[in-house]
Amino acid sequence: MVRLEDVRGPEDVKAVSRDELPAFADALRRDIIRVCSQTGGHLASSLGAVELTVALHWLFNSAEDRFVWDVGHQTYGHKILTGRRDQMGGIRTLGGLAGFTATSESEHDALTVGHASTSLAAALGMALARDSRGDDYRVIPVIGDGALTGGMALAALNQIGHVKPKMTVILNDNDMSISENVGALNHYMRQLQVQPWLQSAEKSSKRALGEVWKPLADLGSRAKDATRRFFDPASNNPFHAMGLRYVGPIDGHNLEELLYYLEHIDQLEGPTMLHVLTRKGKGYDVAESDPILWHGASSFNPENPVHAGKTYSWSDAFGDAADALANHDDRVWMITPAMREGSGLVEYSRRHRDRYIDVGIAEDVAVTTGAGLALQGEKPIVAIYSTFLQRGYDQVIHDVAIENLDVVFAIDRAGLVGGDGATHQGIFDIAYLRAVPNMAIAMPRNANKLQSMLKAAVETPGPVALRWPRGSVEPADNADPEAWQPVVWGKAERLKEGSEVVVLALGPTVGYALEAAGRDPRVGVVDMQFVKPLDLGLLHELAEEGAKLITVEDHTLPGGLGTAVAEALKDEGLDVPLKRLGLPDVFVPHGSPKAFHEAHGMGPEGIRATLEAQLGSPLVDPEATVEENVVGGVTSD
Ligand code: HTL
Ligand code: MG
């Protein structure tokens, strides 16, 4: 028996005998649990894909064949089998492996991913490239039932069925997204599993396949057509209707079945969808019984697994504020693109069932559904991560902003996010939203501000983007919207007096700035609150006071707060020295946000150094503690 410890690459997997594959898969499963218990990560999805991973690596050759994993969060097994086992201990941390697949990381990773629903379009491109060069490597996208709810995936299927390149599309269906999966196609997929006539048709097709396979392979296209019909048990099958051969559903934890179908489909021309049923969290009791909780985990004791409890987060503060607002105003709606848990909306979704919708992993649909609601006089809030709103950008401009519709974008995970890395960093939204006419952009520095801003955003005409970071925050003081402090729209707040050098901060960097400033009377700290409209009155005031300015933001420098201030100073004819602190024009990988902030000179230490450079002398009384100064809302990793 080949031991997992000795597997240096997929060639060693091929040395496992067919009989021993189930035991090998078990060992892989235990290894994934071991790794995740030490490092955290996407446990449940990786456990569900163990047999699939073993089957693919045993049969095919990932160095040349293209395994295109959608999202890439189910690939711990794939990484372990492709020579990265020794590095798994550092996964998702600075300098370590990525949590998803990345072409820069390994020749066995066909696509760099993190966002869902891209695998099929990328696979189509790869198959087109292959066929135009007369090559014969395999293209095998593996897509989850959740990822299949994305428009990109469906539009790509439509093309694949039209162009018909040779390709095995594996639909890894565990009947779960992060939360319960949604959508009509998902309902249809459940029916496929329960219709007994279908199951028996599938079984007979398997038997007959073996018998007729060889002769059929040599026959002409009419026989191939017959084969196709034979494979497609349901004439009204939507995948068949889109031009793919459909096989399944089969048991994705049965290695024999997987190998049987994968081997046979491999001999067919054109695109085939193999529908594989799996269980999220398979083989690990806690994860199987609560796959929502164990979708992602931080480190845990594998013998006595307890999911690390979360502290009160910005997402919770938003969920609570939204709940209170929805009680207060029956026009408030909530739309989530498949991120109920992450956006803090579990309670909201229970209490306001009639004004809540999960549209699946379809950010474009989330935004335009918001537009539709707003057109009919409702007050939709689109709860969305900064990184995922990138998927709905045209809809923000074309469907919401042009007609100045009342849609609130509740943007979570704004700023660096940590372990998920480059694909998930929320560091572009100010830049891409600032360019959109009619859009307002604000960021609270604590939960009280979040409440007030959310209420003001709902009441203010036109689109408003509110953003907050990942991490913990002190809960707000009062749950009654009537009692929330009013917001002066577009106004910054001077939190610390001082006008020799003034730090203009936003959201969590306000805490950094106050910490850096200490008690030095020469240094002022301003919470900008709004990036758009920008507080021009404040800039004039500061110019008159002769202040030098430093902006600091947890966002990419091009197009961010600092750029907005620089543009405004120029446009207003104000000659004020300005130093911008933030993230440079590079993709920031996985690693601790705080460490990156310091590395890029925008953490407390970096701000202090810049302050001293601007002042031309050391800070006076720099030792003031954060507690004395911070207004709340410093982000945590
Ligand atoms: N929106 C987009 C465009 N991409 C991602 N990755 C998300 C949201 C967030 N997300 C995941 S994993 C996941 C979501 C919604 C569920 C995917 O469900 P699927 O796979 O059925 O495809 P399963 O989890 O194994 O069941 C991550 O960000 C990791
Ligand atoms: Mg799924």
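Note on Glu269 versus Lys166: no salt bridge recorded, every NZ/NE/NH1/NH2 to OD/OE distance being 4.0 Å or above. Using a cut-off of 4.0 Å between Lys/Arg side-chain N and Asp/Glu carboxylate O, Asp364 and Arg391 are scored as not salt-bridged. The residues Arg190 and Asp173 are annotated as salt-bridged, a charged nitrogen and a carboxylate oxygen being separated by less than 4.0 angstrom. A salt bridge links Arg340 with Glu180: the closest approach of a Lys/Arg side-chain nitrogen to an acidic carboxylate oxygen falls below 4.0 angstrom. Under the 4.0 Å criterion applied to side-chain N and carboxylate O atoms, Glu263 and Arg18 are assigned as salt-bridge partners.
In terms of heavy-atom proximity, Ser177 sits nearest to Lys280 at O-NZ, 2.7 Å. Closest heavy-atom contact between Ala25 and Leu255: CB-CD1, 4.0 Å. The shortest non-hydrogen separation linking Ile411 to Tyr385 is CG2-C, 4.2 Å. Shown here for Asp429 and Ala414, the closest heavy-atom pair between the two residues is OD1-CB, 4.2 Å. Summarising the geometry of Thr149 relative to Ile361, their closest heavy-atom pair is OG1-N, 3.0 Å, with the distance given to 0.1 Å. The two residues Met152 and Ser117 come nearest to each other via the heavy atoms CB-O, 3.5 Å.
Counting heavy-atom neighbours within 6.0 Å of Arg133 CZ, excluding the residue itself, gives a total of 12 or less. More than 12 heavy-atom neighbours from other residues, nucleotides or ligands sit within 6.0 angstrom of CG on Asn301. For CG of Asp6, the number of neighbouring non-hydrogen atoms (other residues, nucleotides, ligands) closer than 6.0 Å is greater than 12. More than 12 heavy atoms of other residues, nucleotides or ligands lie within 6.0 Å of CD in Gln38, so this atom counts as buried by the packing criterion.
Using a 4.5 Å heavy-atom cutoff, the side chains of Leu157 and Leu148 are in contact. At least one side-chain heavy atom of Arg85 sits under 4.5 Å from a side-chain heavy atom of Asp31. Proximity of Val182 to Val359: side-chain heavy atoms (C-beta onward) are nowhere separated by under 4.5 Å. Proximity of Val588 to Leu416: side-chain heavy atoms (C-beta onward) are separated by under 4.5 Å at one or more points. Proximity of Val71 to His115: side-chain heavy atoms (C-beta onward) are nowhere separated by under 4.5 Å.
Side-chain atoms of Arg66 never come within 3.5 Å of backbone atoms of Ala127 as a donor-acceptor pair (strictly under, hydrogens ignored). For Ser106 (side chain) and His108 (main-chain N/O), a donor-acceptor pair under 3.5 Å exists by modelled atom type. Using a distance-only test at 3.5 Å, with no hydrogens or angles considered, no donor-acceptor pair links the side chain of Arg245 to the main chain of His240. A donor-acceptor pair under 3.5 Å is formed between the side chain of Asn254 and the backbone N or O of Glu256. A donor-acceptor pair under 3.5 Å is formed between the side chain of Thr101 and the backbone N or O of Leu111. Here the side chain of Asp70 pairs no donor or acceptor atom with the backbone of Val142 at under 3.5 angstrom. Between the Lys282 side chain and the Val50 main chain, no donor and acceptor come within less than 3.5 Å of each other. Remark: the backbone N or O of Thr103 is paired with a side-chain donor or acceptor of Thr112 at under 3.5 angstrom. Distance alone, capped at 3.5 Å, is enough to place a donor-acceptor pair between the Gln425 side chain and the Val417 backbone. For Glu363 (side chain) and Ile384 (main-chain N/O), no donor-acceptor pair under 3.5 Å exists by modelled atom type.
Side chain to side chain, Asn172 and Thr278 meet the donor-acceptor criterion of an N or O pair below 3.5 Å. Side-chain atoms of Ser313 and Arg470 form no donor-acceptor pair, as typed in the model, at a separation below 3.5 Å. With 3.5 Å as the limit, one finds no donor-acceptor pair spanning the side chains of Asp358 and Thr336. With hydrogens and angles left out, the side-chain atoms of Asp290 and His307 include no donor and acceptor closer than 3.5 Å. The closest side-chain donor-acceptor pair between Lys14 and His57, if any, does not fall under 3.5 angstrom.
Taken to the nearest 0.5 Å, the NE2 atom of His162 stands 10.0 Å off from the CG atom of Leu124. Here Asn158 contributes atom CG and Leu120 contributes atom CG; the two are 11.5 Å apart, rounded to the nearest 0.5 Å. The structure places CG of Leu59 at 8.5 Å from CD1 of Ile140, a figure rounded to the nearest 0.5 Å.
Classified by interplanar angle (parallel below 30°, tilted 30° to 60°, perpendicular above 60°), the ring pair Phe300/Trp294 is perpendicular. Trp69 and Phe67 have perpendicular rings, their planes meeting at more than 60° on a 0 to 90° scale where under 30° would count as parallel. Ring planes of Tyr356 and Tyr348: tilted class, angle from 30 to 60°.
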Query raised in the report: Going through the distances and angles, do Tyr76 and His42 end up as a ring-ring contact (aromatic ring centres under 6.0 Å, His included)?
Result: CA-CA 8 Å; Tyr76 279 48; His42 288 109; 7.5 Å; no
Report task. List the steps, then state whether side chain to side chain contact (heavy atoms under 4.5 Å, CB included) holds for Leu97 with Met88. Result -> CA-CA 7 Å; Leu97 298 176; Met88 291 301 286; 3.7 Å; yes
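Taking the six-membered ring for Trp and the full ring otherwise, His424 and His590 have centroids separated by 6.0 Å or more. Ring centroid separation for the pair Phe100 and His73 does not come in under the 6.0 Å cut-off.
Exactly one residue among Leu185, Leu277, Asn186 makes a side-chain contact (heavy atoms from CB on, under 4.5 Å) with Asp145. That residue is Asn186.
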